[in-house]
Amino acid sequence: LGIFAYAGITDALDGWIARKWNQKTVVGTVIDPMADKTLMTVLTVTLAAKGALPVWLAVIILGRDVGLAMSAIYYRWISLPPPKTFSRYWDFSLPSAEVRPTTISKYNTFLQLALMGLTTVAPVVPGVDMSWGLGIMQYVVAATTIWSGASYVYSKDAVKILTPGKGVNGKKL
């Protein structure tokens, strides 16, 4: 519980510092979401394994994240200027595509973290039955997770190719 709180506070502080003093970096735009996804994955798997989170919801959350990760790998590869090598793929000084979080995705991230936090806290709060509220929140998170994943597929602004090259279906960008 303490580690969860620490992770949330330091993530918020890091983001605030980067915005306040204009300290945004390409590496930061990759590492910060990766850290968030790592935290969410660990919490989702752990809570589902303990029976505190329904497996069907864990599958939806993790399925969306796997789909987005596979899409990110694909978009990075198709947008990377030649020569396409393994070392250039991981060279973040060569930005080739930018993923902009959709509005629903931001809400979904907040709702997922809130659900994980409440699910983690629920067993240690004496005398308070949160099962009804958590049940409703689980369905809300399932809906926003599916909506969020779909928003990346159907939004024209979610992925922006930064370098010229071949795009989807071989069309020149």
Side-chain angles (χ1 to χ4, degrees), residues 1-20 24 27-79 97-161 168:
L1 188 57
I3 292 173
F4 177 74
Y6 177 77
I9 291 167
T10 56
D11 184 47
L13 183 62
D14 172 57
W16 178 78
I17 289 170
R19 286 186 299 276
K20 175 125 173 109
K24 295 179 184 178
V27 172
T29 64
V30 173
I31 290 176
D32 187 62
M34 283 173 74
D36 293 345
K37 285 295 134 202
T38 301
L39 175 64
M40 186 59 60
T41 300
V42 168
L43 285 168
T44 301
V45 169
T46 303
L47 291 171
K50 302 269 302 163
L53 192 69
V55 172
W56 62 264
L57 181 56
V59 169
I60 290 172
I61 292 169
L62 297 174
R64 171 196 170 266
D65 291 347
V66 166
L68 291 179
M70 289 173 27
S71 297
I73 291 167
Y74 170 76
Y75 276 110
R76 172 69 175 166
W77 183 255
I78 67 163
S79 63
E98 176 180 87
V99 178
R100 296 184 182 151
T102 61
T103 302
I104 186 61
S105 179
K106 291 179 181 182
Y107 288 125
N108 180 61
T109 298
F110 171 78
L111 289 169
Q112 282 184 359
L113 284 171
L115 175 62
M116 298 305 159
L118 288 173
T119 303
T120 303
V121 167
V124 297
V125 176
V128 179
D129 181 16
M130 295 187 198
S131 59
W132 189 81
L134 285 173
I136 293 204
M137 195 165 186
Q138 290 166 357
Y139 284 103
V140 169
V141 166
T144 60
T145 301
I146 293 167
W147 184 5
S148 169
S151 75
Y152 283 103
V153 173
Y154 297 109
S155 172
K156 294 179 183 178
D157 300 326
V159 178
K160 178 182 174 190
I161 305 295
V168 179

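Nearest approach of Ala52 to Gln138, heavy atoms of both residues: O-NE2, 4.1 Å. For the pair Tyr152 and Arg64, the tightest heavy-atom approach, listed with the atom from each and the gap, is CE1-NH2, 3.8 Å.
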Derivation of the side-chain contact (heavy atoms from CB on, under 4.5 Å) call for Asp36 and Thr109: CA-CA 9 Å; Asp36 293 345; Thr109 298; 5.6 Å; no
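How far CE of Met137 is from OG1 of Thr144: 9.0 Å, rounded to the nearest 0.5 Å. To the nearest 0.5 angstrom, Gln112 atom CD is 10.5 Å from Leu43 atom CG. Here the CG-CD1 distance, from Asp65 to Ile60, works out to 12.0 Å after rounding to the nearest 0.5 Å. Atoms CD1 and OG, from Ile104 and Ser155 in turn, are 12.5 Å apart once rounded to the nearest 0.5 Å. The OG1 atom of Thr145 sits 6.5 Å away from the CG atom of Leu57 when rounded to the nearest 0.5 Å. Residue Leu115 holds its CG atom at 6.0 Å from CG of Leu53, rounded to the nearest 0.5 Å.
Side-chain atoms of Met116 and Leu39, non-hydrogen and from C-beta on, never get closer than 4.5 Å to each other.
Here Tyr154 and Trp147 keep their ring centres 6.0 angstrom or further from each other.
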